[in-house]
Amino acid sequence: VNVANPSATLMRGSGGQVSLIGRRGSNDIHGALYEYLQNNDLNANTWDANRAGLAKAIIHDNRFGGRLGGPLQKNKTFYFVNYEGRRFQSSTQVTRTVPTAMLRQGILQFPLSNGSVEQINLKTASICGPSGNLACDPRGLGLDPSVSAQFADMPLPNLAGGDGYNTGSYFANLATPIGTDFGVVRLDHVFSEKLTLNTSFTYWRTDSISSGDLSILNGNPQSAETTPQRTMVPTAQLTWQISPTWLNVVRAGWVRDTSQSNATSPTKAAGILNIPGTQTADGPVALTLGGGTSAFLDDPIDMDTQRARFQAQWQQDWQFDDDMTKIVGKHQIQYGVQVNKLPFTHARADKVVGSITSLVADLDQASYLTIPAANMPVTCNSTITSNCLPSNQITNYARYYAAVLGLVDNVSVLEARNAQLQPQPFGTFLRDVTNQWATYFYAQDAWRIRPSLTLYYGLNYGWQSSPTEQNGLQTIMTLEI
């Protein structure tokens, strides 16, 4: 690891420069096997799980592997292989905000300053309006059937949380297993004392379950998101000793790295829930109650943009290097070139905030819906101490009112367009396929002025092209004069 006096030979990296040397085969056969195991049999339960009355989570962590190296042809061709795997049956503690038994009946509850609790049955209550004598739900319907069905898909609270009256916390141990495999195959061949070839192939895989997107449908906590990753790296190096003072090293390699966050889309979640009234010709509409976030009220399956979005990237690096080293007297002169082709593909179902590529209806008082004063209880004061609403609960009342009665604040969907700006079908991801080039040249000299003093100096020059989108989807800013 070099963190000072950087070399001009390492071109694309800034800061610390790291060089790694891997194992290789030899004329003797060498190998090893190993395993590491940890499980929950010797672990104590967590304080949180004990408090919620949950059993100890299952944790099994098994790492295992082996390596083997030796000759294929003595003094000429050598092999080396290495493998390591991991199977980790892990668990993550998760919490979601769920409706209480009273809210599931369409009854809102709010604490009053005198220590009592105001209960408002929206179907029958007539304590709203300026005089406190109007029906809070002028339709006399109360709890919406679709909302009632979605409430029924969620477990009751098992831990203190939420606002403590309309909502509480549901706490659970979520299985989040991780499986990984890592392998390296290396072949080295000696053509002659002056010419050698080194090749390798590296592969890495991980499959994991995320706790980011969660289903608590029917009180059965399960992850609704997988996060697979794949990496492969084939490389080759040819080393040619042109003369005792002149060395040429040519390298070529390819890195392919992919990673995805496969969350369950709101469209798919809505299809699983199959809530009455949510089916349309364009597919099911997801209902998020009060925004569908733990800060207020969750859904049976997470359907808000931040947790239900799909994101993926597939990136590559095609690399070619040619390095020359020449010794002239007290000078070690190095020069070379590096060329990188950098394809990159990115796909996602969101724009970080706002909508997602699914039809989502938000039952809330948020951006567009306002609950009229005629449907709001009077505000408690020194003379009105019952059949009223504390001033600090006005916003919460309006949000619960909208969620329970099934009042839609907005229906959103993120729609993608093609290169001709034509709308694509709902559910089409935003996707860009780009390519760019990076080219570098360098030259440097290590001048050994005397045995105790060496001067290093050099020059590195390179440029990186702008990314170009392959399907005509790139936005270009223009200036009109």
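- To the nearest 0.5 Å, the span separating CG on L405 from CG on D137 amounts to 5.0 Å.
- For the pair D350 (side chain) and I356 (backbone), a donor-acceptor distance under 3.5 Å is absent.
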Before giving the answer on side chain to side chain contact (heavy atoms under 4.5 Å, CB included), spell out for L217 and L273 the whole-Å C-alpha distance, their side-chain angles and the decisive distance to 0.1 Å. CA-CA 8 Å; L217 182 61; L273 297 176; 3.6 Å; yes
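- In the model, Y400 has a side-chain atom that pairs as donor or acceptor with a side-chain atom of D163 under 3.5 Å.
- Ring geometry, Y83 versus F64: the interplanar angle falls from 30° to 60°, so the pair is classed tilted.
- Contact detail for T97 and F296: the closest heavy-atom pair is CG2-O, 3.2 Å.
- A salt bridge links R87 with D181: the distance from a Lys NZ or Arg NE/NH1/NH2 to an Asp or Glu carboxylate oxygen falls below 4.0 Å.
- Residues L389 and I394 come closest through the heavy atom pair CD2-CA, 3.7 Å.
- Partners of R417 under the salt bridge (charged side-chain N to carboxylate O under 4.0 Å, His left out) rule, at least two apart in sequence or in another chain, do not exist in this structure.
- The 12-atom threshold is exceeded at CZ of R24, counting heavy atoms of other residues, nucleotides or ligands nearer than 6.0 Å.
- Side-chain contact between N166 and M102 is absent, with no heavy atoms from C-beta onward closer than 4.5 Å.
- In this structure, a donor-acceptor pair under 3.5 Å is present between the side chains of N340 and Q338.
- With a 4.5 Å cut-off on side-chain heavy atoms, Q38 and N43 count as touching.
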Show your working on side-chain hydrogen bond (donor to acceptor under 3.5 Å, both in side chains) between D28 and S26 and close with a plain yes or no. CA-CA 5 Å; D28 298 317; S26 66; 5.0 Å; no
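- Partners of T264 by side chain to side chain donor-acceptor pair (under 3.5 Å), not counting sequence neighbours: none found.
- A side-chain hydrogen bond (donor to acceptor under 3.5 Å, both in side chains) with R251 is found for exactly one of D323, T235, D321, namely D323.
- A side-chain donor-acceptor contact under 3.5 Å links S465 to the backbone of W437.
- Of the possible donor and acceptor atoms, one in the side chain of Q105 sits under 3.5 Å from a partner among the backbone N and O of A101.
- Around atom CZ of R256, no more than 12 heavy atoms belonging to other residues, nucleotides or ligands sit under 6.0 Å away.
- Residues A224 and I301 approach most closely at CB-CG2, 4.5 Å, considering heavy atoms.
- A distance of 5.5 Å separates CZ in F151 from CG in L289, rounded to the nearest 0.5 Å.
- Between the side chain of D213 and the backbone N or O of A263, no donor-acceptor pair lies under 3.5 Å.
- Side-chain contact between I127 and I120: present, with at least one pair of heavy atoms (C-beta onward) separated by less than 4.5 Å.
- Two residues are said to be in side-chain contact when any heavy atoms from C-beta on lie closer than 4.5 Å; W314 and P343 fail this criterion.
- Distance check: E469 CD to T345 OG1 gives 8.5 Å after rounding to the nearest 0.5 Å.
- The 12-atom threshold is not exceeded at NZ of K351, counting heavy atoms of other residues, nucleotides or ligands nearer than 6.0 Å.
- S208 and T227 share a donor-acceptor pair across their side chains, judged by distance under 3.5 Å alone.
- Ring orientation note: the planes of Y397 and Y401 are tilted relative to one another, at an angle of 30° to 60°.
- Checked by atom type and distance alone, the side chain of D362 never pairs as donor or acceptor with a backbone atom of N410 at under 3.5 Å.
- Between D302 and R96 the shortest side-chain heavy-atom distance falls below 4.5 Å.
- Interatomic distance, CZ of R67 versus CZ of F80, reported as 6.5 Å (0.5 Å rounding).
- Screening residues 84-122 for ring-ring contact (aromatic ring centres under 6.0 Å, His included), with sequence neighbours left out, gives no hits.
- Counting only heavy atoms from C-beta outward, the side chains of D188 and T196 never approach each other to under 4.5 Å.
- When all heavy atoms of N218 and A152 are compared, the closest pair comes out as OD1-O, 4.5 Å.
- The closest donor-acceptor contact from the side chain of Q470 to the backbone of T468 lies under 3.5 Å.
- Contact check on D364 versus R399 returns a salt bridge, with a Lys/Arg side-chain nitrogen under 4.0 Å from an Asp/Glu carboxylate oxygen.
- Residues E415 and T428 are not in side-chain contact: their nearest non-hydrogen atoms beyond the backbone lie 4.5 Å or more apart.
- Applying the side chain to side chain contact (heavy atoms under 4.5 Å, CB included) test between P99 and each of D298, L297, L156 identifies L297 as the sole match.
- Using a 4.5 Å heavy-atom cutoff, the side chains of I29 and L68 are in contact.
- Formation of a donor-acceptor pair under 3.5 Å by the T199 side chain with backbone atoms of L187 is found in this model.
- Counting non-hydrogen atoms of other residues, nucleotides and ligands closer than 6.0 Å to OH of Y34 gives a total above 12.
- Checked by atom type and distance alone, the side chain of Q119 never pairs as donor or acceptor with a backbone atom of Q109 at under 3.5 Å.
- Salt-bridge annotation for D299 and R307: absent, with no side-chain N of the basic residue lying under 4.0 Å from a carboxylate O of the acidic one.
- Heavy atoms only, all atoms of each residue included: P300 and D153 are closest at CG-CB, 3.7 Å.
- Between T280 and V285 the shortest heavy-atom distance is CG2-CG2, 3.6 Å.
- Side-chain polar atoms of Q260 and N262 form a donor-acceptor pair below 3.5 angstrom.
- Judged by distance alone, with hydrogens and angles left aside, the side-chain atoms of S146 form a donor-acceptor pair with the main-chain N or O of P276 at under 3.5 Å.
- Counting only N and O atoms by type, the side chains of S223 and S210 include no donor and acceptor under 3.5 Å apart.
- Formation of a donor-acceptor pair under 3.5 Å by the S90 side chain with backbone atoms of T176 is found in this model.
- Side-chain N/O atoms of Q237 and T239 include a donor and acceptor closer than 3.5 Å.
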